[in-house]
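For reference, the structure is listed below as structure tokens.
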Amino acid sequence: MSGCPARYDEALGYWVVDDPALAREVLLDPETFRPDNAVLAHTPLSVKALRVLSGVGFALPPTLANNAGESHRPIRAAVARFFSPARVAAVEPLARELTSARVEAASVRLAAGEQVDLVHAIAADPPALVLLHLLGVADVDVPALKAWSLDSLELFWGWPDEDRQLELAHSAAEFYAWLRTRTTAARKTPGDDLFGTLVSLGLTDEEVCAVGYFLLIAGQETTTQLISTAFHRSVGELIEPAGVVEKVLREASSVPTWRRVAARPTVIGEAEVPAGAPVLLGLSGHGGPADLAFGIGIHRCLGAGLARLEARVALECARELLAGVRLVDEPPMIDLLSFRAPKRLLVVTDGNTGDN
């Protein structure tokens, strides 16, 4: 490998690789740089948190993002069918309908002088509803799914103290128990939805739940965050939606980093990296191509096309609204090891004092 070397960040505890060319090379060498640590908790979990999780049999065996074994290919192929280009293209009218309705409702509130949080009002639910439609998964409490998703991201990619870990662990356990219920139902009455498809592969309950856990979070919450960042950059501007999406993916993706672990002593750039070293790859914000935000190689994000479509549709639907509003304050951020986006985007109509 050539280019700028990796550097060891003592505060983070990772060898950090920000050079896009080097990050790409790491991702394309899964034998040297394994995905074993991709979904491990960044902050070691407390005994109390682990007890809560073990109470529901919580386990994330190798399935998709963390799988370097032979089972990865059939699991990925089965899931990929839900995200085929034809299926993604066919879901655009639904994405547009869901988003337009929320933009219209937000516009009415803004016109009445209200402050509106664009994340909650527009960006939050459509990606979840579209994903569930694609996966054939019905009867889901979407607000609960959104809460479970944010809590799980913080638990595994954040810096929660022991008290906060316990709260987050209870949320993750609740989500996992729900996944187990769906898995059991699929074994009794197999269908062609996500759970039925995974059961038909011969996966264990833990493997089915692990796929569901990762996919139902990553397949919608990261898109909500991508849309939120795109909205943030577009407030007060009359934008060209597709261009904004690609710019955000290059500069401020909702998934700006991802993890690997060195399987053997190796060299990244000019840096000698020991076996077992955790590696943190910069996917966005370092001058690389937009596609790098979705990873590359055998673990490239299956929902890349869907995320692009949904972000573009959201910006198209909200284009006029965004041009006519301003931020009330600087938004608080989701700021985790591998996930970054505004938590809230409170806006008022441009010219409104925001005191209503």
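Hydrogens, waters and symmetry mates are skipped; everything else that's a heavy atom, side chains included, is used.
For the pair Leu337/Thr43, no side-chain contact is recorded, criterion being any heavy-atom separation below 4.5 Å from C-beta on. With contacts defined as side-chain heavy-atom distances shorter than 4.5 Å, the pair Glu221/Leu145 does not qualify. Looking at heavy atoms from C-beta onward, Glu330 lies out of side-chain contact with Leu346 at the 4.5 angstrom threshold. For the pair Leu292/Pro289, a side-chain contact is recorded, criterion being any heavy-atom separation below 4.5 Å from C-beta on. The side-chain heavy atoms of Val91 and Phe83, taken from C-beta on, include no pair separated by under 4.5 Å. You'll find the side chain of Leu345 reaches within 4.5 Å of the side chain of Leu327, heavy atoms only. Between Pro274 and Pro265, every side-chain heavy-atom pair lies at or beyond the 4.5 Å cut-off.
Between the CZ atom of Phe175 and the OG atom of Ser152 there is a distance of 6.5 Å, given to the nearest 0.5 Å. To the nearest 0.5 Å, atom CG of residue Leu150 and atom NZ of residue Lys343 are 9.0 Å apart. The line from OG1 of Thr183 to CG of Leu203 is 9.5 Å long, rounded to the nearest 0.5 Å. Between Tyr213 atom OH and Thr63 atom OG1 the span is 12.0 Å, to the nearest 0.5 Å. With rounding to the nearest 0.5 Å, the separation of OG in Ser284 from CH2 in Trp258 is 14.0 Å. Remark: Thr257 OG1 to Leu281 CG distance equals 8.5 Å, nearest 0.5 Å.
Side-chain atoms of Glu246 never come within 3.5 Å of backbone atoms of Arg308 as a donor-acceptor pair (strictly under, hydrogens ignored). Distance alone, capped at 3.5 Å, places no donor-acceptor pair between the Ser171 side chain and the Glu167 backbone. The main-chain N or O of Ser46 is found under 3.5 Å from a side-chain atom of Gln165 such that the two form a donor-acceptor pair. With hydrogens and angles ignored, the 3.5 Å screen pairs a side-chain donor or acceptor of Asp141 with a backbone N or O of Ala144. With hydrogens and angles disregarded, no donor-acceptor distance shorter than 3.5 Å links the side chain of Arg326 to the backbone of Gly236. Of the possible polar contacts, none joining the Arg76 side chain to the Ala65 backbone as a donor-acceptor pair under 3.5 Å is found. Between the Arg87 side chain and the Phe82 main chain, a donor and an acceptor come within less than 3.5 Å of each other.
Note: Trp157 and Phe339 have perpendicular aromatic rings, judged against thresholds of 30 and 60 degrees for the angle between ring planes.
Under the 4.5 Å side-chain heavy-atom criterion for grouping Ile, Leu, Val, Met, Phe, Trp and Tyr, Val137 is connected to Leu302 within one hydrophobic cluster. Grouping the Ile, Leu, Val, Met, Phe, Trp and Tyr side chains by contacts below 4.5 angstrom, directly or via other members, places Leu155 apart from Leu166. Both Leu135 and Val208 belong to a single network of hydrophobic side chains, linked directly or stepwise wherever heavy atoms of I, L, V, M, F, W or Y lie under 4.5 Å apart. The hydrophobic clustering, which links ILVMFWY residues whose side-chain heavy atoms are closer than 4.5 Å, places Val130 and Val140 together. Put simply, Val142 and Leu98 are part of the same group of oily side chains (I, L, V, M, F, W, Y) that touch within less than 4.5 Å, one to the next.
No donor-acceptor contact under 3.5 angstrom links the side chains of Thr32 and Thr266, judged on distance only. Between the side chains of Thr224 and Lys146, at least one donor N or O lies within less than 3.5 Å of an accepting N or O. Defined by atom type and a distance below 3.5 Å, a donor-acceptor pair is missing between the side-chain atoms of Ser254 and Arg340. Side-chain atoms of Ser71 and Asn67 form a donor-acceptor pair, as typed in the model, at a separation below 3.5 Å.
Counting all heavy atoms, side chain and backbone alike, Ser149 lies closest to Leu216 at OG-O, 4.1 Å. Of all the heavy atoms in Glu31 and Arg264, the pair that sits closest is O-NH1, 3.9 Å. Contact between Tyr8 and Gly13 at its shortest, heavy atoms only, is OH-CA, 3.6 Å. Shortest non-hydrogen contact noted between Ala230 and Leu315 is CB-CD1, 3.9 Å. In plain terms, the two heavy atoms of Thr99 and Ala95 that are nearest each other are OG1-O, 2.8 Å. Between Pro35 and Ala68, the shortest heavy-atom distance links the atoms CD-CB, 3.6 Å.
Residue Glu104 places its CD atom among 12 or fewer non-hydrogen atoms of other residues, nucleotides or ligands, all under 6.0 Å distant. Around the CZ atom of Arg24, the shell of radius 6.0 Å holds no more than 12 heavy atoms that belong to other residues, nucleotides or ligands. Annotation for Asp335: atom CG counts as buried by contact number, over 12 foreign heavy atoms lying within 6.0 Å. Within 6.0 Å of the NE2 atom in His286, the count of heavy atoms belonging to other residues, nucleotides or ligands exceeds 12.
Taking the charged nitrogens against the carboxylate oxygens, Asp18 and Arg7 do have a contact shorter than 4.0 Å, which makes a salt bridge. Using a cut-off of 4.0 Å between Lys/Arg side-chain N and Asp/Glu carboxylate O, Arg102 and Glu97 are scored as not salt-bridged. With salt bridges taken as basic N to acidic carboxylate O contacts below 4.0 Å, one links Arg187 and Asp205. The pair Asp117-Arg344 does not meet the salt-bridge criterion, since no charged nitrogen lies less than 4.0 angstrom from a carboxylate oxygen.
Residues that satisfy the ring pair (Phe, Tyr, Trp, His ring centres under 6.0 Å) test with His42, not counting sequence neighbours, are Tyr14, Trp159.
For residues 309-319, every residue pair satisfying the salt bridge (Lys or Arg N to Asp or Glu O under 4.0 Å) rule, not counting sequence neighbours, is listed here: Glu92-Arg312, Arg96-Glu316, Arg312-Glu316.
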When the side chains of residues 48-59 are checked against the rest of the protein, which donor-acceptor pairs come out under 3.5 Å, sequence neighbours left out?
from  : atom 1 : to    : atom 2 : distance (Å)
Ser54 : OG     : Leu50 : O      : 3.2
Ser54 : OG     : Arg51 : O      : 3.0

